Amino acid sequence: MDYLAIKWLHILSATLMFGTGFGTAFYMFFVNRSGNVQAMAVVTRLVAKADWWFTTPAVIIQPLSGLWMIHLAGFPFTSTWIIWSIALYVLAGACWLPVVWLQLRMRDMAVAAAQSGETLPARYWRYEKIWTALGFPAFAGLLVVYWLMVHKPA
């Protein structure tokens, strides 16, 4: 596969990863503030599916295609922008993995509450606070990674 094909795959996967992540976070954040347990059950189910179908493959493709392009372009792996990109990507991943776990638990609680007609347990709201807090460093880190990918500062 040539450099431009890998670059296209890298850009497409970056778009899917960030776009799906931001979009699902937007809907989940605001549906949680609606207080509508039925809507929360639907949205949390869809967020979990979107993470599995779109975000997870993109999370895997990003470092593979990035490292392949670095190799093909002949950039030293010790370049500051590459080291920072990898470190921030790892930070985003370290935030994303617990977020996925939280989303799955929140989905299960929302579905159970919607089916039983009961309110959400307090644990749902504790998880929601952690979920929200983890989103900020993950998104900020990825924004910086995208800047570094485009500019490749010396």
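These numbers come from a predicted model, not from an experiment. Hydrogens, waters and symmetry mates play no part in the numbers below; they use all other heavy atoms, side chains included.
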A.B. asks: Could you tell me whether a side-chain N or O of Ser65 sits under 3.5 Å from a main-chain N or O of Leu9, the two making a donor and an acceptor?
C.D. replies: no
A.B. asks: Any carboxylate oxygen within less than 4.0 angstrom of a Lys/Arg side-chain nitrogen, looking at Glu128 and Arg123?
C.D. replies: no
A.B. asks: Does Ile130 belong to the same Ile/Leu/Val/Met/Phe/Trp/Tyr cluster as Leu91, with side-chain heavy atoms less than 4.5 Å apart forming each link?
C.D. replies: no
A.B. asks: Would you please test Ile70 and Ile82 for side-chain contact (heavy atoms from CB on, under 4.5 Å) and show each step?
C.D. replies: CA-CA 9 Å; Ile70 289 166; Ile82 293 171; 3.8 Å; yes
A.B. asks: Quick check on Phe77: does its CZ atom have over 12 non-hydrogen neighbours (other residues, nucleotides or ligands) under 6.0 Å away?
C.D. replies: yes
A.B. asks: Does NZ or CZ of Arg126 lie under 6.0 Å from the centre of the six-membered ring of Tyr124, at an angle within 45° of the ring axis?
C.D. replies: no
A.B. asks: Tell me whether Tyr127 contacts the main-chain N or O of Trp101 through its side chain, where contact means a donor paired with an acceptor under 3.5 Å.
C.D. replies: no
A.B. asks: Minimum heavy-atom separation for Pro98 to Ala94, with atom names?
C.D. replies: CD-O, 2.9 Å
A.B. asks: Just by distance, do the side chain of Thr132 and the backbone of Lys129 share a donor-acceptor pair under 3.5 Å?
C.D. replies: no
A.B. asks: Does the ring center of Tyr3 lie less than 6.0 Å from the ring center of Trp68?
C.D. replies: no
A.B. asks: Leu120 versus Val37: any side-chain heavy-atom pair under 4.5 Å?
C.D. replies: yes
A.B. asks: Rounded to the nearest 0.5 Å, what separation is found between the OG1 atom of Thr44 and the CG atom of Asp108?
C.D. replies: 8.5 Å
A.B. asks: Less than 4.5 Å apart, any side-chain heavy atom of Ile11 and any of Lys7?
C.D. replies: yes
A.B. asks: Output the distance between atom CH2 (Trp96) and atom CE (Met17), rounded to the nearest 0.5 Å.
C.D. replies: 9.5 Å
A.B. asks: Which atom names give the shortest non-hydrogen contact between Ala14 and Gln62, and what distance separates them?
C.D. replies: N-NE2, 3.2 Å
A.B. asks: Are Leu46 and Phe54 in one and the same hydrophobic cluster, where Ile, Leu, Val, Met, Phe, Trp and Tyr link if side-chain heavy atoms are under 4.5 Å apart?
C.D. replies: no
A.B. asks: Would a 4.5 Å heavy-atom cut-off, applied to side chains only, mark Met40 and Asn36 as touching?
C.D. replies: no
A.B. asks: For a quick test of reading the model, state the closest non-hydrogen atom pair linking Val47 to Met28 and the distance between them.
C.D. replies: CG1-SD, 3.9 Å
A.B. asks: Does some side-chain heavy atom of Thr56 sit less than 4.5 Å from a side-chain heavy atom of Ile60?
C.D. replies: yes
A.B. asks: Can you see which heavy atom on Ala58 is nearest to which on Ser13, and at what distance?
C.D. replies: CB-O, 3.3 Å
A.B. asks: Looking at CG of Leu143 and CG of Leu148, how far apart are the two atoms once the value is rounded to the nearest 0.5 Å?
C.D. replies: 11.0 Å
A.B. asks: Starting at CG of Leu88, measure out to CD1 of Ile83 and round the result to the nearest 0.5 Å.
C.D. replies: 12.0 Å
A.B. asks: Other residues, nucleotides and ligands only: do more than 12 of their heavy atoms fall within 6.0 Å of CH2 on Trp147?
C.D. replies: yes
A.B. asks: Looking at every non-hydrogen atom in both residues, tell me the closest pair between Thr24 and Ala50 and how far apart they are.
C.D. replies: CG2-CB, 3.7 Å
A.B. asks: Report yes or no: do Val43 and Leu104 belong to one cluster of Ile/Leu/Val/Met/Phe/Trp/Tyr joined by side chain heavy-atom distances under 4.5 Å?
C.D. replies: no
A.B. asks: How long is the straight-line distance from CD of Gln103 back to CH2 of Trp52, given to the nearest 0.5 Å?
C.D. replies: 14.0 Å
A.B. asks: Any link between Val90 and Trp84 through a network of hydrophobic side chains (Ile, Leu, Val, Met, Phe, Trp, Tyr) touching at under 4.5 Å?
C.D. replies: yes
A.B. asks: Val100, Ile61: one ILVMFWY side-chain cluster at the under-4.5 Å cut-off?
C.D. replies: no
A.B. asks: Aromatic contact between Phe26 and Phe30, with the criterion being ring centroids under 6.0 Å apart: yes or no?
C.D. replies: yes
A.B. asks: Take Met106 and Asn32, measure what side-chain contact (heavy atoms from CB on, under 4.5 Å) needs, and give me the verdict at the end.
C.D. replies: CA-CA 10 Å; Met106 292 165 72; Asn32 282 333; 3.9 Å; yes
A.B. asks: Might you confirm whether atom CH2 of Trp53 has over 12 heavy atoms from other residues, nucleotides or ligands at distances under 6.0 Å?
C.D. replies: no
A.B. asks: Report the distance from atom CD1 of Ile6 to atom NE2 of His71, rounding to the nearest 0.5 Å.
C.D. replies: 9.5 Å
A.B. asks: Can you give me the closest heavy-atom contact between Pro121 and Trp125, atom names plus distance?
C.D. replies: O-CD1, 3.6 Å
A.B. asks: Can you tell me if NZ on Lys152 sees more than 12 non-hydrogen neighbours from other groups inside 6.0 Å?
C.D. replies: yes
A.B. asks: Does the side chain of Leu102 reach to within under 4.5 Å of the side chain of Leu134, using non-hydrogen atoms?
C.D. replies: yes
A.B. asks: Under 3.5 Å, side chain of Ser79 to main-chain N/O of Trp81, donor-acceptor pair present?
C.D. replies: no
A.B. asks: Taking atom OH of Tyr27 as the centre, does the number of heavy atoms from other residues, nucleotides or ligands within less than 6.0 Å exceed 12?
C.D. replies: no
